[in-house]
Amino acid sequence: MKKITLLLIAVFVLTGVKAQIETPQPSPLAKLEQKVGLTDVTLEYSRPSMKGRKIFGDLVPHNKLWRTGANKNTIITFSDPVTIGGNEVKAGSYAIFTKPDASSWEVIFYADANNWGTPQKWDDAKVAATVTAEVYPMPMSIETFTMTFDDLSNSSAVLGILWENVYVGIKFNVPTDKKVTNAISRAMNGPSANDYYASAIYYAQEGKDINKAKEWMEKAINMMEKPAFYQLRQLSLIYAKSGDKKKAIEVAKKSLAGSKEAKNDDYIKMNQDSLKEWGAM
């Protein structure tokens, strides 16, 4: 009987362990993944809330090193080398530490991202970049600590930090132009129609040599058995940008005809709008 009683108690205890209740974390983990140009950027951080507390200058003291969030370090990872505040930062993961103040923050990208909170022993050799970011007052209160990727372009983005009534932004630059230019140079050793086409569009969109873009696009179109209406659309835009309105109109009309045949309303409208703009309709 004693053995049976002990067995029942053991079963009850084990069942109780398996049935533990999961409750929400006070500072839940967040993960953001963002493509900036051709660079993958990942951000992992925990999100505390105000809960009626005064944050900056109180819960988070001014001019003291802060983990920038809660729990484990806030970690940002770059797939390529980037530039932050004029500093070259290698590809890899970095903890983000800050020293908030009323008018500006010191933002530190630290190469050791395996701490819980701030490092017990600070090592200046592990500081990859330090920048000063201006504080912008918010017109509303942000209850939960928030980080964002703002002002995205092909070559840069801004890492945003928002909490209480404060916004701080840290710009970083990515090596998109270098990567694309190198890829173009490699491809030009034996380029396909797609290589010429992609290179021409990039040069046109980024305001680079438009005559080179026109040369590459013409080669791409000539290598195609039957250029699609959307490819002809790009050729017409490059002609217009290079100042050759006559050829732009000629090609746009072909693109319009192809768009109508494909019943693509978006391209029909875009071609019609361009033809009106160029005085052909």
Side-chain angles (χ1 to χ4, degrees), residues 25-51 53-111 113 115 117-118 127-176:
Q25 295 296 311
S27 300
L29 180 69
K31 183 175 182 179
L32 299 179
E33 295 179 343
Q34 180 64 59
K35 177 80 78 173
V36 182
L38 298 176
T39 301
D40 294 315
V41 187
T42 303
L43 180 69
E44 297 177 82
Y45 71 106
S46 293
R47 306 187 63 193
S49 294
M50 289 171 60
K51 297 179 180 177
R53 301 172 294 183
K54 176 173 172 53
I55 304 301
F56 298 112
D58 191 352
L59 180 67
V60 178
H62 284 160
N63 297 312
K64 287 192 69 175
L65 193 66
W66 180 41
R67 72 180 74 188
T68 318
N71 302 329
K72 188 182 176 183
N73 292 162
T74 289
I75 300 173
I76 192 166
T77 303
F78 304 106
S79 64
D80 295 310
V82 299
T83 304
I84 305 174
N87 301 283
E88 296 292 332
V89 176
K90 296 178 182 179
S93 297
Y94 298 88
I96 301 175
F97 298 115
T98 50
K99 289 183 180 178
D101 201 357
S103 59
S104 64
W105 287 22
E106 184 179 340
V107 183
I108 303 162
F109 293 81
Y110 196 72
N115 297 284
T118 56
V127 175
T130 301
V131 294
T132 300
E134 184 178 353
V135 169
Y136 293 93
M138 298 287 290
M140 78 288 286
S141 180
I142 307 297
E143 169 66 23
T144 302
F145 178 70
T146 301
M147 300 184 76
T148 58
F149 291 116
D150 305 321
D151 301 342
L152 296 173
S153 73
N154 284 344
S155 59
S156 66
V158 173
L159 175 64
I161 301 175
L162 305 92
W163 203 15
E164 198 175 37
N165 59 348
V166 162
Y167 174 86
V168 171
I170 306 97
K171 185 176 182 179
F172 60 91
N173 294 86
V174 295
T176 305

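Values reported hereafter were calculated over all heavy atoms of this structure, with side chains retained and with hydrogens, waters and symmetry mates removed.
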Would you please say whether a donor-acceptor pair under 3.5 Å links the side chains of [X] and [Y]?
X    : Y    : answer
S104 : T132 : no
T144 : S49  : yes
T39  : D80  : yes
R47  : T146 : yes

- With sequence neighbours left out, write down each residue that passes side-chain contact (heavy atoms from CB on, under 4.5 Å) with L29, or none if nothing qualifies.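 With neighbours one apart ignored, the set is S46.
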Smallest separation among heavy atoms of [X] and [Y], with atom names:
X    : Y    : answer
D40  : S79  : N-OG, 2.8 Å
V127 : Y110 : CG2-CD1, 4.0 Å
R67  : T118 : N-CG2, 4.1 Å
V60  : P100 : CG1-CG, 3.8 Å
K171 : S156 : CE-OG, 3.5 Å
I55  : E164 : N-OE2, 3.0 Å

- Message: Working note: L159 + I96, criterion side chain to side chain contact (heavy atoms under 4.5 Å, CB included); need CA distance, chi angles, decisive distance, verdict.
- Response: CA-CA 11 Å; L159 175 64; I96 301 175; 3.6 Å; yes
- Item | Evaluation steps, side chain to side chain contact (heavy atoms under 4.5 Å, CB included), between V135 and D101 | CA-CA 8 Å; V135 169; D101 201 357; over 6 Å; no
- Task: For E33, check salt bridge (Lys or Arg N to Asp or Glu O under 4.0 Å) against everything at least two apart and list the hits.
- Result: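 Here the qualifying residues are K31.
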Pairwise distance [atom1]([X]) to [atom2]([Y]) - rounded to 0.5 angstrom:
X    : Y    : atom1 : atom2 : answer
L32  : M147 : CG    : CE    : 8.5 Å
T98  : I108 : OG1   : CD1   : 8.0 Å
L43  : F78  : CG    : CZ    : 9.0 Å
T74  : W66  : OG1   : CH2   : 7.5 Å
I161 : I142 : CD1   : CD1   : 13.5 Å
K99  : L65  : NZ    : CG    : 6.0 Å

- Test side-chain contact (heavy atoms from CB on, under 4.5 Å) applied to F172 and N87, V41, V131, the passing residue: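 It is V41; the other options fail the test.
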- Message: Does V174 form a side chain to side chain contact (heavy atoms under 4.5 Å, CB included) with L38? I'd like the steps, not just the answer.
- Response: CA-CA 8 Å; V174 295; L38 298 176; over 6 Å; no
- Please say whether more than 12 non-hydrogen atoms of neighbouring residues, nucleotides or ligands are located less than 6.0 Å from CD in E143.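 Buried by this count: over 12 neighbours within 6.0 Å.
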- Query: When you look at I84 and Y94, which way does the side chain to side chain contact (heavy atoms under 4.5 Å, CB included) test go after all the steps?
  - Reply: CA-CA 12 Å; I84 305 174; Y94 298 88; over 6 Å; no
- Mind checking what makes ring pair (Phe, Tyr, Trp, His ring centres under 6.0 Å) contact with F109, not counting sequence neighbours?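 Partners of F109 by the ring pair (Phe, Tyr, Trp, His ring centres under 6.0 Å) criterion come out as none, since no residue qualifies.
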Hey, does the side chain of [X] reach the backbone of [Y] with a donor-acceptor pair shorter than 3.5 angstrom?
X   : Y    : result
K54 : F56  : yes
Q34 : F149 : no
N73 : N115 : yes

- Task: Determine whether the aromatic ring centres of W163 and Y45 lie less than 6.0 Å apart.
- Result: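 So the answer is no for these two rings.
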